[in-house]
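Take a look at the structure below.
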2 protein chains.
Amino acid sequence: MTKPFDAAASIDKLLDVAAGLFRRKGFAATTVREIANAAGMLPGSLHYRYASKEALLVSLMERAIGRLTESVREAVASTRDPAERLRLALRAHLRVLLSDDDAVYVMLYDWRAVSNDTAREAIVRMRDTYEAFWDGLIYEAAGSGQIRPRIDLKLLRLFGFGAINWVAQWYEDHAGGRSPEQIADAFWAFMALGVFAEDRRPADEDGAFVALGGAAPPLEPVRR
Amino acid sequence: MTKPFDAAASIDKLLDVAAGLFRRKGFAATTVREIANAAGMLPGSLHYRYASKEALLVSLMERAIGRLTESVREAVASTRDPAERLRLALRAHLRVLLSDDDAVYVMLYDWRAVSNDTAREAIVRMRDTYEAFWDGLIYEAAGSGQIRPRIDLKLLRLFGFGAINWVAQWYEDHAGGRSPEQIADAFWAFMALGVFAEDRRPADEDGAFVALGGAAPPLEPVRR
DNA sequence: GCGTAGCTTGGTCGCGTGACCAAACCCTTT
DNA sequence: AAAGGGTTTGGTCACGCGACCAAGCTACGC
């Protein structure tokens with residue numbers, strides 16, 4: 001029996017290089033030979049660890065969600081202020097997304113590649129749990145009165161995820177030296193205060209909000 | 001010589017079904033046989049129109065950018081108010097993204113698949129032009145004083161694109177009967193006014209904006 | 001220092017792929 | 001009615017893919 005440390009490290013290396021290749025070329029366009037080669041092993045050795053290329057992908061995605069969840073939970077634990085918890089969660093999510101580990105990127109964008117139904121459902125369930133955690137954070141902020149009434153909280157999460165997850169598309173080219181934290185904070189400020197100039201806002205802001213197209217839906221309770 | 005109308009229609013059909021397949025399965029995982037079959041022709045006939053699968057993809061993406069550009073330009077022409085132009089542009093972009101035509105989706109998300117450098121650069125150039133047009137719209141709104149001073153306009157565009165382009169990921173499952181226009185307007189309202197409750201905002205909002213992480217960069221001039 | 005579980009080696013196998021083409025087949029123009 | 005270009009047909013071809021495995025090789029526990 002080889003040292004367990006080595007085995008774990010070797011699996012980690014494998015997932016790391018696979019994530020990098022999947023991100024750069026896409027899952028379908030990456031061959032197992034490439035992955036094995038980049039990880040410094042022969043294809044047969046890869047096969048020994050993962051029965052199929054797709055099994056490796058699933059493993060990769062599970063790791064991605066695990067790291068996201070862990071990182072966000074940890075970030076959020078340091079305060080009880082709902083708005084601050086949201087801001088810290090945003091930072092943590094973006095930090096993991098933009099880290100050296102490409103697994104989160106792959107999970108977000110190479111999504112359709114998982115053809116096995118069981119595996120797919122397992123990942124969807126993990127994603128749902130993660131998103132429900134976010135809904136909980138948002139719902140708490142709304143419940144404590146920090147969010148404008150009649151805001152559609154589900155839309156808020158979806159827009160937030162979109163803006164933040166999209167950062168991975170442009171960060172390398174357009175970050176301009178900004179850290180993930182700075183970008184998260186900037187988005188936070190945009191979303192929290194809005195970008196309209198003060199003297200151009202409609203006077204009655206709630207009415208104006210609806211007039212501008214703001215959603216006024218029934219507040220669905222959020223499971224946590 | 002066959003009627004030109006038929007030829008054009010046949011190309012359109014081809015691009016349509018290819019876009020659908022690329023969106024559902026990804027470019028690399030879709031075979032030319034599948035595309036040809038779905039378009040009601042034999043692989044050889046497809047080859048007659050496009051020398052390679054990638055040439056078809058490039059054609060698809062060019063059409064996507066063309067439709068986006070056309071739609072947004074048209075939408076914006078109806079008013080001179082910069083803020084309103086932005087809102088209408090947002091609507092138009094989202095409308096095309098969520099339309100039956102999957103080409104825009106493919107362009108946004110199956111991006112890495114174009115390996116040919118020349119073709120890739122051509123598409124990048126078209127994308128840049130489109131984004132520069134958006135920067136122009138945003139810059140005008142800022143210039144007319146409708147946007148809070150010291151907002152990083154480039155970040156604003158990037159966040160906006162992220163939130164809106166991400167809608168394609170969830171629209172089918174979570175739209176809840178909302179039209180693309182309603183969703184665009186909701187995002188517009190979020191971004192314009194912010195989601196913080198009035199009585200929870202910091203008093204001096206510009207100072208608070210920076211304190212909350214809002215960017216305060218030099219305003220780069222935007223080419224149009 | 002032996003046994004054996006854990007892992008690697010160096011290959012094979014059959015399949016589906018993208019690309020390609022010569023011949024047949026229209027349909028329009030003359 | 002003949003010509004001829006645009007288009008389709010039905011097939012071929014070489015290649016690289018994912019999967020797989022029997023045999024060999026450690027190195028650790030005993």
Side-chain angles (χ1 to χ4, degrees), chain A residues 1-19 21-22 24-61 106 110 112-120, chain B residues 1-19 21-22 24-61 106 110 112-120:
Chain A
M1 182 168 50
T2 315
K3 280 178 287 184
F5 174 78
D6 282 346
S10 146
I11 290 265
D12 263 6
K13 175 97 179 283
L14 199 51
L15 291 180
D16 279 344
V17 301
L21 289 168
F22 289 165
R24 197 153 49 79
K25 316 182 48 173
F27 173 76
T30 303
T31 73
V32 296
R33 281 166 241 257
E34 281 175 327
I35 302 170
N37 182 52
M41 61 178 70
L42 293 177
S45 298
L46 195 162
H47 182 67
Y48 175 74
R49 285 148 221 270
Y50 294 101
S52 71
K53 190 167 76 152
E54 194 166 316
L56 190 155
L57 177 65
V58 169
S59 198
L60 196 62
M61 290 187 169
V106 171
D110 232 332
R112 301 155 289 179
V114 181
S115 65
N116 177 288
D117 281 346
T118 317
R120 196 189 184 93
Chain B
M1 182 168 52
T2 315
K3 280 176 285 184
F5 174 78
D6 283 348
S10 147
I11 290 263
D12 264 5
K13 175 96 177 283
L14 200 50
L15 292 180
D16 279 344
V17 302
L21 289 167
F22 290 164
R24 197 153 50 79
K25 318 183 45 175
F27 173 77
T30 304
T31 73
V32 294
R33 280 166 241 258
E34 281 174 327
I35 301 170
N37 182 52
M41 61 178 70
L42 294 176
S45 297
L46 194 162
H47 182 68
Y48 173 73
R49 284 148 221 268
Y50 293 100
S52 71
K53 191 168 76 154
E54 194 166 317
L56 189 155
L57 177 65
V58 169
S59 200
L60 197 62
M61 291 188 168
V106 171
D110 233 332
R112 300 154 290 179
V114 181
S115 65
N116 178 288
D117 282 347
T118 318
R120 197 190 184 93

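These values consider heavy atoms only, across backbone and side chains, with no hydrogens, waters or symmetry-generated copies. So you know, we letter chains A, B, ... as the sequences are listed, proteins then strands, and number each from 1.
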Calculate the interatomic distance between [X] atom [atom1] and [N] atom [atom2]; express it in whole Å.
{"X": "A:Arg49", "N": "C:dA5", "atom1": "CZ", "atom2": "C1'", "answer": "14 Å"}
{"X": "B:Met41", "N": "D:dG10", "atom1": "CE", "atom2": "P", "answer": "15 Å"}
{"X": "A:Leu57", "N": "D:dG18", "atom1": "CG", "atom2": "P", "answer": "13 Å"}
{"X": "A:Leu14", "N": "C:dC7", "atom1": "CG", "atom2": "C1'", "answer": "13 Å"}
{"X": "B:Lys53", "N": "C:dT17", "atom1": "NZ", "atom2": "P", "answer": "9 Å"}
{"X": "B:Phe22", "N": "C:dG18", "atom1": "CZ", "atom2": "C1'", "answer": "12 Å"}
{"X": "B:Leu56", "N": "C:dG18", "atom1": "CG", "atom2": "P", "answer": "12 Å"}

With nearest nucleotide decided by heavy atoms, which residue, A:Glu34 or A:Ser45, maps closer to the 5′ end of DNA chain D?
A:Glu34
Most 5' of A:Thr30 and B:Leu46 on DNA chain D, judged by nearest nucleotide
B:Leu46
Flag the pair [X] / [Y] as yes when at least one side-chain heavy-atom distance between them is below 4.5 Å, and no otherwise.
{"X": "A:Leu46", "Y": "A:Leu56", "value": "yes"}
{"X": "B:Phe27", "Y": "B:Arg112", "value": "no"}
{"X": "B:Met61", "Y": "B:Val58", "value": "no"}

Select one nucleotide: of [options], the one nearest the side-chain heavy atoms of [X].
{"X": "B:Tyr48", "options": "D:dT7, C:dG6, D:dA19", "result": "D:dT7"}
{"X": "B:Leu42", "options": "C:dT9, D:dT9, D:dG18", "result": "D:dT9"}
{"X": "A:His47", "options": "D:dC20, D:dG18, C:dT17", "result": "D:dC20"}
{"X": "A:Thr31", "options": "D:dA19, D:dG18, D:dG10", "result": "D:dG18"}

Would you mind telling me which of B:Leu21, B:Leu57, B:Asp110 makes a side chain to side chain contact (heavy atoms under 4.5 Å, CB included) with B:Thr30?
B:Leu21
Answer yes or no: is there a donor N or O on one side and an acceptor on the other, between the side chain of A:Arg120 and the main chain of A:Val114, under 3.5 Å?
yes
Check the phosphate of D:dA19 against A:Arg33, side-chain N and O only, distance under 4.0 Å to OP1 or OP2. Yes or no?
no
